[in-house]
Amino acid sequence: MKNARRFFKRAAALLLLLVSGTALAACGNASASSNPDRVYDHVIQSKTVTWGVKYDTTLFGLKSVKTNKLEGFEIDLARLLTKTIAGKDAKTKFIEVTPQTKIPQLKNNNLDAVLACMTITPERRKSVDFSTPYFKAGTSLLTKTTSGVKSVKDLNKKGKVVIVCKGTTAADDIAKQAPKAKIRAYNDYGSCTNALLAGQGDAFATDNGILAGIAAQHKNLHLVGGTIAVEPYGIAVEKGQTKMLNVINKALKTIKADGSYDKLVRKWFGNINGFSVKEAEY
């Protein structure tokens, strides 16, 4: 009987120890995730910045079929910012994101920052913090050259279909300015482009810079109607990571002042017909 009592006492003590340890670990994790210096400290210690970027967007972030390497304005910008933040020998790591995954991956601590054609919106500010703008994007329209569509007004008719990418702000802009049009959403820009080429919509609505890249690849597609709504891009960091946000803003200010930012913009967008570099720059 005494042995049984001793056994149960020891078992109870062990259970209490396990529960206490789990609770402490949970508190430790909560404390770590709420640490406003966590991302910055990791970047400086590892001398590496992990960026969430696009892999499918011409001119911004595209994985080359020929070289299997990433190339684009945002890829070059990420590398430039990494060295400005963490030193010339710092490493830049890239992870692919889509409009649907960029915020979840950031909040799951898979990324240090997102640099992926991300429009700054009040709704997104509830989930992430944004840097100062780095690209003056705006929703525009891409159509076939034979479509007859000249502006968003031409789409505000029953039977007209506008293609958008899921997770972008273009659907809201079209709903406001062409409420009679039907909106058809696809998962990525490639699918949207293919749908437009296949005649599944009258226009593809998304950011001007992205459409410029697509138009450069297809002679039978062009941008029309100018910018529907100015919606600048910003770099997103996890909510509350103020120190990381501050060094990103400082780095953006530095590269704009020394001219290296301007060189990147002109490198990638300077030769695109119908695209204004001055309108895109900050």
Side-chain angles (χ1 to χ4, degrees), residues 14-55 60-61 70 74-135 167-169 231-257 260-261 282:
L14 179 60
L15 180 62
L16 180 62
L17 182 62
L18 288 172
V19 171
S20 299
T22 302
L24 286 171
C27 290
N29 289 338
S31 175
S33 64
S34 61
N35 176 8
D37 299 339
R38 177 180 56 78
V39 175
Y40 172 79
D41 289 345
H42 170 73
V43 164
I44 297 304
Q45 290 169 10
S46 66
K47 296 190 77 63
T48 302
V49 182
T50 303
W51 301 90
V53 297
K54 307 288 291 182
Y55 275 42
F60 284 92
L70 281 171
E74 290 180 332
I75 304 304
D76 285 351
L77 181 60
R79 292 190 174 111
L80 183 58
L81 290 173
T82 296
K83 295 183 182 299
T84 307
I85 292 168
K88 292 183 178 180
D89 58 341
K91 296 179 181 179
T92 308
K93 183 178 178 181
F94 297 115
I95 293 179
E96 181 180 12
V97 295
T98 68
Q100 297 83 31
T101 65
K102 51 193 172 187
I103 291 180
Q105 286 207 60
L106 186 63
K107 296 181 78 66
N108 287 338
N109 302 327
N110 294 333
L111 310 168
D112 296 319
V114 172
L115 182 56
C117 303
M118 195 166 178
T119 303
I120 301 170
T121 67
E123 186 63 28
R124 286 174 178 164
R125 284 187 185 277
K126 296 177 183 178
S127 302
V128 300
D129 288 332
F130 281 104
S131 70
T132 54
Y134 67 87
F135 192 87
T168 65
T169 58
E231 298 173 323
Y233 293 157
I235 298 169
V237 300
E238 185 185 351
K239 199 78 176 171
Q241 291 300 310
T242 306
K243 202 165 185 178
M244 187 63 189
L245 185 66
N246 288 342
V247 295
I248 288 174
N249 282 333
K250 184 178 179 181
L252 281 171
K253 187 175 181 180
T254 298
I255 64 173
K256 288 175 183 178
S260 51
Y261 163 83
Y282 267 98

As an exercise, state the distance from CG of Leu111 to CG of Leu106, rounded to the nearest 0.5 Å.
6.0 Å

Could you list the residues that satisfy side-chain hydrogen bond (donor to acceptor under 3.5 Å, both in side chains) with Asn249, not counting sequence neighbours?
Thr132

Residue set satisfying side chain to side chain contact (heavy atoms under 4.5 Å, CB included) with Asp129, at least two apart, ordered chain then number -> Val237, Lys239, Leu245

Please check if the side chain of Gln241 supplies one atom and the backbone of Asn35 the other of a donor-acceptor pair under 3.5 Å.
yes

Check the pair Ile44, Val247 against side chain to side chain contact (heavy atoms under 4.5 Å, CB included), reporting the backbone distance first and the verdict last.
CA-CA 11 Å; Ile44 297 304; Val247 295; over 6 Å; no

Going by side chain to side chain contact (heavy atoms under 4.5 Å, CB included), name the residues that satisfy it together with Ala116, two or more places apart in sequence or in a different chain.
Lys54, Val97, Val114

Mind checking side-chain hydrogen bond (donor to acceptor under 3.5 Å, both in side chains) for Gln105 and listing every partner two or more places apart, or none if nothing turns up?
none

Partner set under side-chain hydrogen bond (donor to acceptor under 3.5 Å, both in side chains) for Thr50, not counting sequence neighbours
none

If you count the non-hydrogen atoms of other residues, nucleotides and ligands that lie under 6.0 Å from NZ in Lys107, is the total more than 12?
yes

Can you name the side chain to side chain contact (heavy atoms under 4.5 Å, CB included) partners of Glu96, sequence neighbours left out?
Tyr55

Return a table of donor-acceptor pairs under 3.5 angstrom between the side chains of residues 83-94 and protein atoms on other chains or two or more places apart.
| unit_1 | atom_1 | unit_2 | atom_2 | d |
| --- | --- | --- | --- | --- |
| Lys83 | NZ | Lys88 | O | 2.9 |
| Thr84 | OG1 | Leu80 | O | 2.8 |
| Thr92 | OG1 | Thr82 | OG1 | 3.3 |

Look only at the side chain of Glu231 and the backbone of Thr119, and say whether a donor-acceptor pair between them is shorter than 3.5 Å.
no

Working to the nearest 0.5 Å, report the span between CD1 of Ile75 and CZ of Arg79.
6.5 Å

My understanding is that only residues two or more places apart in sequence, or in another chain, count here; which of them pass side-chain hydrogen bond (donor to acceptor under 3.5 Å, both in side chains) with Ser260?
Asp258

Side chains of Ile255 and Leu77, heavy atoms from C-beta outward: is any pair under 4.5 Å?
yes

Pairs touching residues 115-124 that satisfy salt bridge (Lys or Arg N to Asp or Glu O under 4.0 Å), sequence neighbours left out:
Glu123-Lys126

With Tyr134 via ring-ring contact (aromatic ring centres under 6.0 Å, His included) - residues at least two apart:
none

For the residue pair Trp51 and Leu81, establish whether any side-chain heavy-atom pair is separated by less than 4.5 Å.
yes

What's the separation between atom CG in Asp37 and atom CE in Met244, rounded to the nearest 0.5 Å?
12.0 Å

Could you tell me which non-hydrogen atom of Cys117 sits nearest to which non-hydrogen atom of Lys102, and how far apart they are?
O-NZ, 4.0 Å

Closest contact, heavy atoms only, Phe130 versus Ala236:
CE2-CB, 4.0 Å

